[in-house]
*Asks:* 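Before I ask anything, here is the structure I am working with.
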Amino acid sequence: MAEKLFIFDTTLRDGEQSPGASMTKDEKIRIAKQLERLKVDVIEAGFAASSNGDFEAIRAIAAIVRDSTVCSLARANDKDIQRAADALAGSDNKRIHTFIATSPLHMEKKLRMTPDQVFEQARSSVRFARKFTDNVEFSPEDGSRSDIDFLCRVLEAVIAEGATTINIADTVGYAVPELYGQLVKTLRERVPNSDKAVWSVHCHNDLGMAVANSLAGVQIGGARQVECTINGLGERAGNTSLEEIVMAVKTRKDYFGLEMGIDTTQIVPASKMVSQVTGFVVQPNKAVVGANAFAHASGIHQDGVLKARDTYEIMRAEDVGWATNKIVLGKLSGRNAFKQRLQELGVALESEADVNAAFVRFKDLADKKAEIYDEDILSIVSDEAAAAHEHEYFRFVSLSQRSETGERPHAKVVFSVEGKEVTGDCDGNGPVDATLNAIESKVSSGAELILYSVNAITNGTQAQGEVTVRLSRSGRIVNGVGTDPDIVAASAKAYIAALNRLQSKTEKLNPQL
Ligand code: KIV
Ligand code: ZN
């Protein structure tokens, strides 16, 4: 029997540390359910001590998720660990993940602690965590830049205290594959009780090597858990991308010889959901989940694929959950057909009222767009879930906009502010600029627009545009996403969604370490 490789997803914790990617509790729950459908072994749901919002999100996920282990991060101190344990109390399949920095640089400059103090704290924290669960993970932060003798001493001690997973963090993405693989191997060889723990890799992508480093940790080092995020989401250049690890290990089973429990057909739906919720658009040429990942443009390739698929395809699009842009529904489709399609797409709306609301949006869209694709339906559902759970302080009502060659574009936007309709009327350099100016003329948010991007949800000029807007105000960064066949209207919706997030008094979830 092949050995198992455990997939530990940290989209909701390390992924969320990416500025602008912070998620509400409901968004986290939605993603956690999708991760469970994907059958990841462990879901790191957050960092309980970082905020009340994160604590509540972990608590809710721990109460709902049954098939994956639910984990909370905790610094190596009793207060953080107690908070993690409280958040996870409702789960009978939980893990506490505690960490402390072990590199000379971090110990001296950041922690201002001696190695002996760090050693003691690591040890006593694992001991304390074991009071709540026998599933405890320990990470030496900045492990790849730590002194190997010191690492061996710490890791032996935490395993002796009951740590069941040891995770070697390449916190700043400094590692290179061969050396990182060797590091894991040496640690496993030198730590006398290393066989009592599962060894894990956790890599950041600063030099673009997170996936390569993780695979080297597995193949050279013998690690049997990989920590990763959907779409490689994460601060700076991101974390190891789950879809790349899973498909590399699956496609090259001849080389890795490992089994995983992942349902790969849930990869693309997970990628789309994370991108939709966070507003972090996936680049078209991204492996596995990019829009072009399975597109063959050159004549030679197309000819080859038509004759025998495996001439140029090493994976099948449908195996990772790409629907083949099927026209599924249209203007005349009824509620039952819509509901059935939702079921086929694996979307479980909470109540009949949610289905009705999504169906109304679907009919609206079908009036504007003759052909409705799976991607359109997923975007409707996503919008619906966001609208149902988010307090909409501002709400988009309508837009009229005029632009003519040689004339300065003008936009009139009607929207409501706490239920009261207002109309903003402004010029701008282009139609989008005029539209955002019109909204700002009534809101005066003081926010700075730091990112604006448009993405087509499906192919062709009939496609809905998905606009992402990122705003920054007083150090707080938020994203807003809006979809509509009219990209100027999508821009207005995205801007309003971002303003709602800025307005929200909910404690910021983004747990910066
Ligand atoms: O990158 C890192 O060091 C981490 C640890 C908390 C595992 O995310
Ligand atoms: Zn990390």
*Asks:* Does a donor on one side chain and an acceptor on the other come within less than 3.5 Å for S271 and N231?
*Replies:* yes
*Asks:* More than 12 heavy atoms of other residues, nucleotides or ligands under 6.0 Å from CZ of R66: is that the case?
*Replies:* yes
*Asks:* To check you understand the geometry: which heavy-atom pair defines the closest contact between S146 and D142, and what is its length?
*Replies:*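 Reported closest heavy-atom pair: OG-O, 2.9 Å.
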*Asks:* Report the distance from atom OG1 of T98 to atom CD1 of I100, rounding to the nearest 0.5 Å.
*Replies:* 8.0 Å
*Asks:* Would you kindly say whether T265 and D263 are connected by a side-chain donor-acceptor distance under 3.5 Å?
*Replies:* yes
*Asks:* Counting only N and O atoms by type, is there a donor-acceptor contact under 3.5 Å from the side chain of E448 to the main-chain atoms of S472?
*Replies:*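 Judged by distance alone, no pair lies under 3.5 Å.
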*Asks:* For atom CD of E178, decide whether the heavy atoms of other residues, nucleotides or ligands shown that lie under 6.0 angstrom number more than 12.
*Replies:*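 No, not enclosed.
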*Asks:* Rounded to the nearest 0.5 Å, what separates atom OG in S124 from atom CZ in F119?
*Replies:*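 Nearest 0.5 Å value for the OG-CZ distance: 10.5 Å.
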*Asks:* Quick check: closest heavy atoms across S22 and E27, and the distance to 0.1 Å?
*Replies:* O-OE1, 4.4 Å
*Asks:* Counting N and O atoms only, with roles assigned by atom type, does the side chain of T264 sit under 3.5 Å from a partner on the main chain of D319, one being a donor and the other an acceptor?
*Replies:* yes
*Asks:* Less than 4.5 Å apart, any side-chain heavy atom of R95 and any of T133?
*Replies:*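 Not in contact.
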*Asks:* Are the side chain of W322 and the backbone N or O of V288 linked by a donor-acceptor pair below 3.5 Å?
*Replies:*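 Between the backbone of V288 and the side chain of W322 there is a qualifying donor-acceptor contact (under 3.5 Å).
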*Asks:* Do E44 and E137 have side-chain heavy atoms sitting under 4.5 Å apart?
*Replies:*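 Of all side-chain heavy-atom pairs linking E137 with E44, none is under 4.5 Å.
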*Asks:* Can you find a heavy atom in the side chain of V289 that is under 4.5 Å from one in the side chain of V320?
*Replies:*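 No, their side chains stay 4.5 Å or more apart.
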*Asks:* Please check: side-chain N/O of Q225 versus main-chain N/O of F8, any donor-acceptor pairing under 3.5 Å?
*Replies:*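 Such a contact is absent between Q225 side chain and F8 backbone.
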*Asks:* Any heavy-atom pair between the side chains of S144 and I168 that's under 4.5 Å?
*Replies:*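 Not touching, per the 4.5 Å side-chain cut-off.
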*Asks:* Run the numbers on D26 and K28 for salt bridge (charged side-chain N to carboxylate O under 4.0 Å, His left out), then give the verdict.
*Replies:* CA-CA 5 Å; D26 294 303; K28 283 191 154 201; over 6 Å; no
*Asks:* Nearest 0.5 Å, what's the CG-OG distance between D80 and S50?
*Replies:* 9.0 Å
*Asks:* Enumerate the ring pair (Phe, Tyr, Trp, His ring centres under 6.0 Å) contacts for residues 148-199, please, sequence neighbours excluded, ordered by first and then second residue.
*Replies:* none
*Asks:* Can I31 and L35 be said to form a side-chain contact (heavy atoms from CB on, under 4.5 Å), step by step?
*Replies:* CA-CA 6 Å; I31 292 176; L35 293 172; 4.1 Å; yes
*Asks:* Any chance the side chains of T114 and D116 put a donor and an acceptor closer than 3.5 Å?
*Replies:*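 There is no such pair between these side chains.
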*Asks:* Ring pair (Phe, Tyr, Trp, His ring centres under 6.0 Å) with F128: which residues, sequence neighbours excluded?
*Replies:*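 F132.
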*Asks:* Taking C-beta and beyond as the side chain, do R83 and K79 meet within less than 4.5 Å on heavy atoms?
*Replies:*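 Of all side-chain heavy-atom pairs linking K79 with R83, none is under 4.5 Å.
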*Asks:* Which residue pairs pass the salt bridge (Lys or Arg N to Asp or Glu O under 4.0 Å) test when at least one of the two sits in residues 285-295, sequence neighbours left out?
*Replies:* E243-K286, E244-K286
*Asks:* For a side-chain contact (heavy atoms from CB on, under 4.5 Å) check, start with the C-alpha distance between R145 and H106, then their side-chain angles and the critical distance, and finish with the verdict.
*Replies:* CA-CA 9 Å; R145 293 194 299 171; H106 277 225; 3.9 Å; yes
*Asks:* Return the minimal non-hydrogen interatomic distance between L233 and N239, and the atom names on each side.
*Replies:* O-OD1, 3.4 Å
*Asks:* Nearest 0.5 Å, please: how far is CG in L187 from CD1 in I166?
*Replies:*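 Rounded to the nearest 0.5 Å, the CD1-CG separation comes to 9.5 Å.
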*Asks:* According to ring pair (Phe, Tyr, Trp, His ring centres under 6.0 Å), does anything in residues 254-288 pair up with another residue at least two apart or in another chain? List the pairs.
*Replies:* none
*Asks:* Output the distance between atom CD (Q182) and atom CD1 (I220), rounded to the nearest 0.5 Å.
*Replies:*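 Reported to 0.5 Å precision, the distance equals 6.0 Å.
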*Asks:* Using a distance-only test with no angle check, is there a side-chain donor-acceptor pair under 3.5 angstrom linking Q34 and R30?
*Replies:*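 No, no side-chain donor-acceptor pair sits under 3.5 Å.
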*Asks:* Show, in sequence, the C-alpha distance, side-chain angles and deciding distance for T468 and N455, and conclude whether the side-chain contact (heavy atoms from CB on, under 4.5 Å) test is met.
*Replies:* CA-CA 8 Å; T468 303; N455 198 27; over 6 Å; no
*Asks:* Between T69 and V42, is there a donor-acceptor pair closer than 3.5 Å when you use the side chain of the first and the backbone of the second?
*Replies:* no
*Asks:* Are the charged groups of R59 and D86 less than 4.0 angstrom apart, N to O?
*Replies:*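 No, this pair does not count.
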*Asks:* Side-chain donor-acceptor contacts of residues 203-218 below 3.5 Å, not counting sequence neighbours, with atom names and distances?
*Replies:*
unit_1: H204; atom_1: NE2; unit_2: D14; atom_2: OD2; d: 3.2
unit_1: H204; atom_1: NE2; unit_2: H202; atom_2: NE2; d: 3.2
unit_1: N205; atom_1: OD1; unit_2: M209; atom_2: N; d: 3.1
unit_1: N205; atom_1: OD1; unit_2: A210; atom_2: N; d: 3.0
unit_1: D206; atom_1: OD1; unit_2: R236; atom_2: NH2; d: 3.0
unit_1: D206; atom_1: OD2; unit_2: R236; atom_2: NE; d: 2.6
unit_1: D206; atom_1: OD2; unit_2: R236; atom_2: NH2; d: 3.4
unit_1: N213; atom_1: ND2; unit_2: A175; atom_2: O; d: 3.1
unit_1: N213; atom_1: ND2; unit_2: M209; atom_2: O; d: 3.2
unit_1: S214; atom_1: OG; unit_2: A210; atom_2: O; d: 2.8
unit_1: S214; atom_1: OG; unit_2: T240; atom_2: OG1; d: 3.0

*Asks:* Indicate the atoms forming the closest heavy-atom contact of I58 with A87, along with that distance.
*Replies:*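 Smallest interatomic distance, heavy atoms only, reads CG2-CB, 3.8 Å.
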*Asks:* Would you say the side-chain atoms of S200 pair up with the backbone N or O of N167, donor to acceptor, closer than 3.5 Å?
*Replies:* no
*Asks:* Applying ring pair (Phe, Tyr, Trp, His ring centres under 6.0 Å), name anything that partners F6, two or more places apart in sequence or on another chain.
*Replies:* none
*Asks:* Strictly distance-based, threshold 3.5 Å: is any side-chain N or O of S125 a donor or acceptor partner for the main-chain N or O of A76?
*Replies:*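 Between the backbone of A76 and the side chain of S125 there is a qualifying donor-acceptor contact (under 3.5 Å).
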*Asks:* Under 3.5 Å, side chain of T11 to main-chain N/O of I230, donor-acceptor pair present?
*Replies:*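 Here the side-chain-to-backbone pair exists.
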*Asks:* Looking at G221, is its backbone amide N or carbonyl O close enough to the side chain of R188 to form a donor-acceptor pair, meaning the two atoms are under 3.5 Å apart?
*Replies:*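 Pair found, side chain donor or acceptor close to backbone of G221.
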*Asks:* Do the side chains of E466 and Q276 get nearer than 4.5 Å, heavy atoms only?
*Replies:*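 In short, these two side chains touch, coming nearer than 4.5 Å.
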*Asks:* Using modelled atom types and a 3.5 Å cut-off, is there a donor and acceptor pairing between side-chain atoms of K94 and backbone atoms of A62?
*Replies:* no
*Asks:* Is there side-chain contact between K4 and D41, with heavy atoms separated by less than 4.5 Å?
*Replies:* yes
*Asks:* Which atom names give the shortest non-hydrogen contact between E235 and P19, and what distance separates them?
*Replies:* CB-CD, 4.4 Å
*Asks:* Is the shortest side-chain heavy-atom distance between L471 and L449 below 4.5 Å?
*Replies:*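 Result yes, sub-4.5 Å side-chain heavy-atom pair found.
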*Asks:* Give the minimum heavy-atom separation between A169 and E141, together with the two atoms involved.
*Replies:* CB-CA, 4.3 Å
*Asks:* Evaluate side-chain contact (heavy atoms from CB on, under 4.5 Å) for V469 paired with L451, printing each intermediate quantity in order.
*Replies:* CA-CA 6 Å; V469 158; L451 179 137; over 6 Å; no
*Asks:* Is there a donor in the side chain of E56 and an acceptor in the side chain of N52, or the other way round, less than 3.5 Å apart?
*Replies:*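 The criterion, which ignores hydrogens and geometry beyond distance, is not satisfied for N52 and E56.
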*Asks:* CZ of R130 to CG of N135: how many Å apart, nearest 0.5 Å?
*Replies:* 8.5 Å
